[in-house]
Amino acid sequence: MASFKELVFSGVQPTGNLHLGNYLGAITKFVALQESHDCIYCVVDLHAITVPQDPKALTANIREVTAAFIACGIDPKKHIIFNQSQVPQHAELAWIFNCTARLGWLNRMTQFKEKAGKDRENASVGLYAYPALMAADILVYRATHVPVGEDQKQHLELSRDIAQKFNNDFVDSIAYHGFGDAFFPLPEPLIQGPATRVMSLRDGTKKMSKSDPSDNSRINLTDDADTVAQKIRRAKTDPEPLPSEEAGLEDRPEADNLVGIFAALSDIDKESVLRDFGGGQFSTFKAALVDLSVSKLGPIGSEMKRLQSDPASIDAILADGSARAEKLARRTMDSVKDILGFIRS
Ligand code: AQP
């Protein structure tokens, strides 16, 4: 298979209530990868409209995610931060991938089943086709590595299937146009660490999620210290003390979740957390988790608020990132059109 320059791409939906799961599962990874890779981070506003959005709230949420990226430490000058709808090639390649992906593949997507629920007939076509757009987001930059939370693993596998099928379907044309035996890389998911799936604080079997109607189920990046403390103190636990070894967390989803959050926030593994807190009561552990969470998230929340008070500066960062992203995306689309046999001037 042809070799590709390593490039990182990932996105976050501007759907409000950015939370600890988004931070630990995705954004902290984005920050770390800047040291070793060229990175493109996208506010995926086209994905957001697969479910209804209020236009004013959407604008504010696009700025909020951008502010979160920057407040967490992503450098928009060295890397690229932009919003998806400013680079039309995402939607253009998504159409081509709609014609590459098979219905059977999309029918297997569990996120669509969960989000559409019982009212499937009323779900938007966009919600169903979401994974083809996600494949286009990544592959329009021919990106090789994608840091995501565990919940996106299946969509990433579909992106690889789409890339592989495109490479197979057009193998001769790809070679004819000088791209060897493959035009698209098979993007690799980067899903690592103790918090790839942060669970709800109210129910350790449910993912922490922006759309959970209970605000107490999640820690928002913009929560103040008192709110964080209250949510952690009220977080569901069980009556047993914490175990001293990781195996003891099995069948204790709430305990496992809180230990995972502690480990990820302090950049250690769960075993090390249990070495310090094993055998102790939840109240002691929760007090330490409150201090840790507030010390990590407090400065991020304040910086997000500061950045959001100047929307023009955020919009300028998005405009600059979008122009740089579009240059790269246009180059890929030109080649895709040549490979498909389209005429272009
Ligand atoms: N609970 C989570 N634990 C770890 N990672 C998570 N991510 C989301 N929730 C968790 C990761 O965050 C990145 C951005 O997610 P997104 O906003 O694009 O989409 P999402 O997965 O739909 O987010 P939510 O918060 O769960 O929203 P709703 O409520 O709409 O479903 C992704 O890398 C995701 O894996």
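The analysis underlying the following values was restricted to heavy atoms, covering all of them including side chains, and did not include hydrogens, waters or symmetry mates. Atoms within each ligand, like the ligands themselves, are counted from 1 in listed order.
If you number the atoms of ligand 1 from 1 as listed, the ones under 4.0 Å from a heavy atom of Ser211 come out as 28 (P), 29 (O), 30 (O). For ligand 1, the atoms lying closer than 4.0 Å to a non-hydrogen atom of Gly25 are 4 (C), 5 (N).
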Determine, stepwise, if the pair Thr332 / Tyr141 fulfils side chain to side chain contact (heavy atoms under 4.5 Å, CB included). CA-CA 7 Å; Thr332 303; Tyr141 303 102; 5.9 Å; no

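Residues that satisfy the side-chain contact (heavy atoms from CB on, under 4.5 Å) test with Lys296, not counting sequence neighbours, are Leu265, Leu292.
Here Arg63 pairs with Asp315 in a salt bridge; the nearest charged N to carboxylate O distance falls below 4.0 Å. Salt-bridge check for Glu157 with Arg160: failed, with every basic side-chain N at 4.0 Å or more from each acidic carboxylate O. A salt bridge is absent between Asp203 and Lys236; no separation between the charged side-chain nitrogens and carboxylate oxygens falls under 4.0 Å. Lys207 and Asp212 are not joined by a salt bridge, as no carboxylate oxygen comes within less than 4.0 angstrom of a charged side-chain nitrogen. A salt bridge links Lys165 and Asp169; the closest N-O separation between the charged side-chain nitrogens and carboxylate oxygens is under 4.0 Å.
Here Ala26 has side-chain heavy atoms under 4.0 Å from ligand 1, and that is the only part of it that gets that close. For Val148, heavy-atom contacts with ligand 1 shorter than 4.0 Å involve the backbone as well as the side chain.
Closest to atom 26 (O) of ligand 1 among all protein heavy atoms lies Lys207 NZ, 2.5 Å. When hydrogens are left out, the protein atom nearest atom 19 (O) of ligand 1 is Gln13 NE2, 3.3 Å; that is the closest non-hydrogen contact. Protein heavy atom closest to atom 3 (N) of ligand 1, with residue, atom name and distance, is Val198 N, 2.8 Å. With hydrogens left out, the protein atom closest to atom 23 (O) of ligand 1 is Lys210 NZ, 3.7 Å, a heavy atom. For atom 25 (O) of ligand 1, the nearest protein heavy atom (residue, atom name, distance) is His19 NE2, 2.7 Å. In this structure, atom 6 (C) of ligand 1 lies nearest to the protein heavy atom Gly21 O, 3.5 Å. Among protein heavy atoms, the minimum distance from atom 33 (O) of ligand 1 is reached at Gly149 N, 3.2 Å.
Panel note: side chain Arg218, backbone Ser209; a donor-acceptor pair is recorded below 3.5 Å.
At least one N or O atom of Met208 sits closer than 3.5 Å to an N or O atom of ligand 1. Ligand 1 has no N or O atom lying under 3.5 Å from any N or O atom of Tyr130, backbone or side chain.
Both tests do not hold together for Arg142 against Phe4: distance to the six-membered ring centre under 6.0 Å, angle to the ring axis within 45°.
Using a 4.0 Å heavy-atom cutoff, Lys115 is listed among the residues neighbouring ligand 1. The shortest separation from a heavy atom of Thr15 to ligand 1 is not under 4.0 Å, leaving the residue out of contact.
Apart from Leu46 itself, the hydrophobic cluster it occupies contains Leu133, where clustering links Ile, Leu, Val, Met, Phe, Trp and Tyr at side-chain heavy-atom distances under 4.5 Å.
Relative to atom 4 (C) of ligand 1, the option among Thr196, Leu18, Ile261 with the closest non-hydrogen atom is Thr196. In the candidate list Val12, Val51, Ile27, Asn22, Asn22 is nearest to atom 15 (O) of ligand 1, counting heavy atoms. Looking at Ile191, Asp151, Asn17, Val43 and measuring to atom 21 (O) of ligand 1, the nearest heavy atom belongs to Asp151.
Taking CG of Leu258 as the start and CG of Leu201 as the end, the distance is 7.0 Å to the nearest 0.5 Å.
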